[in-house]
Protein chains: 2
Amino acid sequence: MSDHSDARSRFLRLHDALRTRICMLDYPPGTRLSEETLAAEFGTSRTPLRRVLARLEDEGLVISQHGVGTIVTDVDAEEMARTYDLRRELAGLVGRLSPVPVSDEIIKEAADFLDAGKILLKQPDTRALAELNMDYFHFGTSLTNNLALREMSERLYYRTARIWLTATPRLDLAEETAIFVSELRDSFQALVARDGQAAADVRRAHISLCIARLNRHMA
Amino acid sequence: MSDHSDARSRFLRLHDALRTRICMLDYPPGTRLSEETLAAEFGTSRTPLRRVLARLEDEGLVISQHGVGTIVTDVDAEEMARTYDLRRELAGLVGRLSPVPVSDEIIKEAADFLDAGKILLKQPDTRALAELNMDYFHFGTSLTNNLALREMSERLYYRTARIWLTATPRLDLAEETAIFVSELRDSFQALVARDGQAAADVRRAHISLCIARLNRHMA
DNA sequence: AGAATTCATGTTGTGCACAACCTTTACAGC
DNA sequence: GCTGTAAAGGTTGTGCACAACATGAATTCT
């Protein structure tokens with residue numbers, strides 16, 4: 001009943017696919033996306049695809065220029081730092097604005113994330129880490145019933161997701177994985193204690209630390 | 001050099017026009033917007049207009065249904081309350097995240113807003129009040145250099161702007177005007193003291209009070 | 001009379017052809 | 001060799017015709 005609309009579900013599918021490719025650097029900044037090529041790949045015409053690209057442009061992931069092309073945006077270090085500042089604050093708000101009561105289901109999910117992280121420790125992989133991080137982020141926003149807060153957090157997340165991946169080559173993958181797993185562990189313990197605010201604070205603190213690491217390796 | 005693109009500037013113009021009409025209740029919730037009629041009014045074809053409507057749908061102001069129409073969304077009291085919660089927090093953040101130094105220019109603007117408010121005191125008018133409030137909101141967001149914070153604040157503002165106007169008939173116009181002018185006064189004094197954080201706190205407090213008034217008159 | 005059905009009407013979604021535009025390249029003039 | 005210019009190729013933006021769909025009214029059958 002929710003996805004009865006064929007057009008809407010296709011739109012969401014294409015949007016998600018392209019957004020993931022951009023955030024995972026399958027399309028690095030500067031890549032020119034051809035409407036016709038993409039339309040052919042997804043088996044549709046340019047018209048529906050243009051709507052997807054328009055939304056990606058609204059979200060700041062691409063920019064279309066008449067006669068030139070649709071180009072994946074570059075990440076401006078200064079603006080990304082500001083965006084991270086806001087993301088940090090929103091992460092803290094998840095614990096205060098309409099937090100969902102911590103259920104056994106939620107604790108189970110957190111445990112699963114921790115297990116997945118531990119596996120990654122033994123076999124480090126940049127992309128797998130990035131994907132797990134993305135899934136875990138969605139789990140984090142699901143801890144509030146404030147829809148607007150979820151929406152804004154996700155919007156900002158996707159805008160900054162690439163910066164970490166671009167910096168990764170200069171960072172230590174094993175170290176980054178270890179740091180992430182320790183966040184999962186802290187978060188899990190907070191949730192076991194049924195303390196949603198503590199879980200949000202864990203997240204907030206780790207975003208702060210991430211900002212610091214990025215600053216250190218940028219300058 | 002910024003708006004050299006004809007298509008983009010037209011898009012922004014149409015988007016702003018329709019958004020204003022929706023937020024000012026020229027198009028009350030439930031109104032069906034005809035793509036063809038609007039296209040004719042703005043002297044273009046459906047294609048560029050559809051992009052505008054698509055963005056309005058992303059912003060949650062309308063919803064398009066195949067074969068039915070594009071309908072102005074209704075405001076859900078519960079979700080609006082949550083959105084106001086977030087708006088309040090963001091208003092406070094304006095004073096903390098990359099605040100712009102308070103300049104003479106800014107103080108002058110605040111003084112102008114206060115004057116305009118005083119004029120409105122003698123001749124109360126719902127729409128004029130709403131428009132002044134909208135202008136003043138933009139002034140408020142301009143007090144931070146954090147672009148993401150500005151963007152999210154505006155996005156949420158336009159989503160909640162209608163709730164106040166729909167409640168106005170049940171509120172006291174003269175009282176609402178007086179409250180708004182007192183906010184302008186407090187804000188002006190904070191800025192004269194070159195205290196941007198205080199100005200943000202004034203805003204934050206008034207949003208809290210507005211939430212309380214709306215709750216009182218809803219239930 | 002009532003109910004199911006068909007049809008007429010109006011709406012959004014899609015595909016296609018063409019216009020507007022930018023970039024690059026080839027070429028002619030100097 | 002250099003520069004200015006024009007032409008070619010490729011890209012996004014626009015307009016239009018038609019498909020897909022939902023709704024309500026007219027109609028027909030029971």
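Letters go in sequence order (proteins before strands), and every chain restarts at 1. Hydrogens, waters and symmetry mates are skipped; everything else that's a heavy atom, side chains included, is used.
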For the side chain of A:R10, counting heavy atoms from C-beta on, which of D:dC21, C:dT14, C:dC21 is nearest?
->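 For A:R10, the side-chain atoms sit closest to C:dT14.
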Picking from D:dC21, D:dT12, C:dT14, which would you name as closest to the side chain of B:H66?
->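 Taking heavy atoms from C-beta onward, the closest nucleotide is D:dC21.
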Listing time: all N or O pairs from protein to nucleotides 4-10 of chain C that are below 3.5 Å?
from, atom 1, to, atom 2, distance (Å)
C:dG10, N2, B:G67, O, 3.1

Rounded to whole angstroms, how far apart are [atom1] on [X] and [atom2] on [N]?
{"X": "A:L56", "N": "D:dT12", "atom1": "CG", "atom2": "P", "answer": "13 Å"}
{"X": "B:L38", "N": "C:dT11", "atom1": "CG", "atom2": "P", "answer": "11 Å"}
{"X": "A:E35", "N": "C:dC16", "atom1": "CD", "atom2": "C1'", "answer": "14 Å"}
{"X": "A:Q65", "N": "D:dG10", "atom1": "CD", "atom2": "P", "answer": "20 Å"}
{"X": "A:R8", "N": "D:dA22", "atom1": "CZ", "atom2": "P", "answer": "13 Å"}
{"X": "A:I71", "N": "D:dT11", "atom1": "CD1", "atom2": "P", "answer": "11 Å"}
{"X": "B:E36", "N": "C:dT12", "atom1": "CD", "atom2": "P", "answer": "9 Å"}

Quick one: do [X] and [Y] make a salt bridge, cutoff under 4.0 Å?
{"X": "A:E131", "Y": "A:R127", "value": "yes"}
{"X": "B:E59", "Y": "B:R159", "value": "no"}
{"X": "B:R51", "Y": "A:E57", "value": "yes"}
{"X": "B:D16", "Y": "B:R19", "value": "yes"}

Going by distance alone, is a donor N or O of one side chain under 3.5 Å from an acceptor N or O of the other, for B:R82 and A:S98?
->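 B:R82 vs A:S98: donor-acceptor pair found between side chains.
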Derivation and outcome, side chain to side chain donor-acceptor pair (under 3.5 Å), residues A:T73 and A:R162 | CA-CA 11 Å; A:T73 55; A:R162 294 176 290 166; 3.2 Å; yes
Reckon B:I63 touches a base, only the sugar-phosphate, or nothing at all at heavy-atom distances under 4.0 Å?
->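 Counting heavy atoms under 4.0 Å across all strands, no contact is made by B:I63.
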Output yes when at least one side-chain N/O atom of B:T70 is less than 4.0 Å from OP1 or OP2 of C:dT12, else no.
->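 Checking B:T70 against C:dT12: at least one side-chain N or O falls below 4.0 Å of OP1 or OP2.
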Name every residue in residues 41-51 of chain A that has at least one heavy atom under 4.0 Å from any atom of DNA chain D, in order of residue number, or write none if there are no such residues.
->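 Contacts with DNA chain D under 4.0 Å: A:R46, A:R50.
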Would you call the rings of A:H15 and A:F11 parallel, tilted or perpendicular, where under 30° means parallel and over 60° means perpendicular?
->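 Ring orientation of A:H15 relative to A:F11: parallel.
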Taking the six-membered ring of A:Y157 as reference, does the NZ or CZ atom of A:R87 fall below 6.0 Å from its centre and within a 45° cone about the axis?
->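 Relative to the ring axis of A:Y157, which defines the angle, A:R87 lies outside at least one limit.
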For B:R21, check salt bridge (charged side-chain N to carboxylate O under 4.0 Å, His left out) against everything at least two apart and list the hits.
->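 With sequence neighbours excluded, B:R21 shows a salt bridge (charged side-chain N to carboxylate O under 4.0 Å, His left out) to B:E41, given in chain and number order.
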